[in-house]
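This report concerns only the one structure given below.
Sequence positions, counted from 1, serve as the residue numbers for this chain. A quick note: this is a predicted structure, and the numbers were derived from the prediction, not measured.
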Amino acid sequence: MGNIQLYKYNATFYSVKQESSSYFADEFLESELDNDHVAWLNFHGIEDTESIEQLCHKLGIDKLTIESIHKQVRRPKVEEYSKYMSFHVMSALPKELGNPFLHQDQISFLMGENYLISFQDKPSDHFPDVRDRIEKGRGKIRAKGSDFLMFRMLEAIIDNYFEVLEEISSQIETIDAQLHLTQDKSILASIELEKRKLIELRKIAQPMRDVTNQLENSESPFIQSSNRHYFRSLRSSCMSVLEEIDANKQILEGMANLYYAAQGQRMNEIMRVLTVVSSIFIPLTFIVGIYGVNFEHMPELKYTYGYYSVIAFMFALSIGLVVLFIKRGWIKK
């Protein structure tokens, strides 16, 4: 068994086959394609470059399109040809175990009249709902063509964006709770990490919005006019993702500002305590300094109770300053 999966279906049946990429490179056209059903061939990984090129050549795929499958393409553009159309999008899944960042995967699509081929850059399960719909006959998918299948797959990718946003929102709630309980420096690092994930997700979702807009306005014969409104709904979903990303970024920026404000307030409290302590001891230091000079004729030095009088005055001065600071609100009662 291989890691390449083929679904064939129409309104009355479906079949699933898993084989190696070399098998489908040899057999896909001759035995798998006909006008009575839709064929969806999904590659979980694109390491077998030779088999992918062989398959694409048999389907009449342009050389530039084949090359783009094996490199990161950020330009959101739908390429239309006489026999097929192609484009690339980036998927996102919640973080993997041990990796704090997003799990990203480039997915390339080749769609012809009765087939759809998807190339996943990494082995990841992005389309369990699509497979379930085909296997159980849920919805319209088995009664529609390859363009509706492509809509469902893009919808699944956008749903993954929302899952990532839900996880980030959950992390934001956790950070918010910690922010009000502790001033640990790790909170700021957590805020910056979530902001970085949102920036990455925006770089992924914005090209997807442009692709869905191009598909909605495409005049390609491979997209039926009755199905164009589905791609309009995808564009609206992408807009919702982008709006939620911006909203979460604002929340994180507000939390970062709150963290810095709390740190500033804490520093102000420290400076206030130091200022109060200094204000009390500065006059005492002045008095001690006066009586510490080595003048010979100081009348106070001859008084029997001079020492006790100065000490009493210093205590009275300190207590008076403390009372004054309390009345002014500089020291809490």
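A donor-acceptor distance shorter than 3.5 angstrom exists from the side chain of Ser318 to the backbone of Met314, with no hydrogens or angles considered. Using modelled atom types, no side-chain atom of Arg228 and backbone atom of Asn217 make a donor-acceptor pair closer than 3.5 Å. When atom types are taken as modelled, the side chain of Asn268 and the backbone of Gly264 share a donor-acceptor pair closer than 3.5 angstrom. Thr65 places no side-chain N or O within donor-acceptor distance of the main-chain N or O of Ile61, the cut-off being under 3.5 Å. A donor-acceptor contact shorter than 3.5 Å is absent between the side chain of Asp132 and the backbone of Pro128. In terms of modelled atom types and a separation under 3.5 Å, the side chain of Gln106 and the main chain of Lys71 share a donor-acceptor contact.
Every residue meeting the salt bridge (Lys or Arg N to Asp or Glu O under 4.0 Å) condition with Arg196, not counting sequence neighbours, appears here in chain and number order: Glu200. Applying the ring pair (Phe, Tyr, Trp, His ring centres under 6.0 Å) test to Tyr84 and every residue at least two apart in sequence or in another chain returns Tyr81. In this view, Asp129 and Arg133, Arg138 satisfy the salt bridge (Lys or Arg N to Asp or Glu O under 4.0 Å) rule, not counting sequence neighbours.
Contacts classified as ring pair (Phe, Tyr, Trp, His ring centres under 6.0 Å) and involving residues 146-174 (residues at least two apart or in different chains) are given here: Phe148-Phe151, Phe148-Tyr230, Phe151-Tyr230. Judged as a ring pair (Phe, Tyr, Trp, His ring centres under 6.0 Å), the pairs with a partner in residues 3-26 (not counting sequence neighbours) are, in order, Tyr7-Trp40.
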What donor-acceptor contacts under 3.5 angstrom involve side-chain atoms of residues 107-117, with partners at least two apart or in another chain?
| residue | atom | partner | partner atom | Å |
| --- | --- | --- | --- | --- |
| Ser108 | OG | His88 | ND1 | 2.7 |
| Asn114 | ND2 | Asp34 | O | 2.5 |

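Closest approach of Cys238 and Met208 over heavy atoms only: SG-CG, 3.4 Å. Closest heavy-atom contact between Cys56 and Ile69: SG-CD1, 4.3 Å. Of all heavy-atom pairs between Ile175 and Met255, the closest is CG2-CE, 3.2 Å.
Note: Glu155 CD to Asn160 CG = 11.0 Å, rounded to the nearest 0.5 Å. The distance from atom CZ of Arg152 to atom CD1 of Ile157, rounded to the nearest 0.5 Å, is 14.0 Å. Atom CZ of Arg131 sits about 11.0 Å away from atom CD1 of Ile141, to the nearest 0.5 Å. The distance from the CD1 atom of Ile172 to the CD1 atom of Ile251 is 5.5 Å, given to the nearest 0.5 Å. Atom NZ in Lys8 sits 13.5 Å away from atom CD1 in Ile134 (nearest 0.5 Å). Summarising the geometry, atom CD belonging to Glu194 is positioned 9.0 Å from atom OG1 belonging to Thr174; distances are rounded to the nearest 0.5 Å.
Side chain to side chain, His229 and Asn227 fail the donor-acceptor criterion of an N or O pair below 3.5 Å. Using a 3.5 Å distance cut-off with no hydrogens or angles, the side chains of Glu80 and Ser218 do pair a donor with an acceptor.
Ion pairing between Glu53 and Lys63 fails under the 4.0 Å rule for side-chain N and carboxylate O. Between Glu216 and Arg232 a salt bridge is recorded (basic side-chain N to carboxylate O distance below 4.0 Å).
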Subject >> Stepwise salt bridge (Lys or Arg N to Asp or Glu O under 4.0 Å) test for Asp26 and Lys58 >> reply: CA-CA 9 Å; Asp26 293 333; Lys58 294 174 72 174; 5.3 Å; no
Subject >> CA sep, side-chain torsions, deciding dist, call: Ser118, Met153, side-chain contact (heavy atoms from CB on, under 4.5 Å) >> reply: CA-CA 9 Å; Ser118 52; Met153 295 179 70; 3.6 Å; yes
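A 6.0 Å sphere centred on NZ of Lys249 holds no more than 12 heavy atoms belonging to other residues, nucleotides or ligands.
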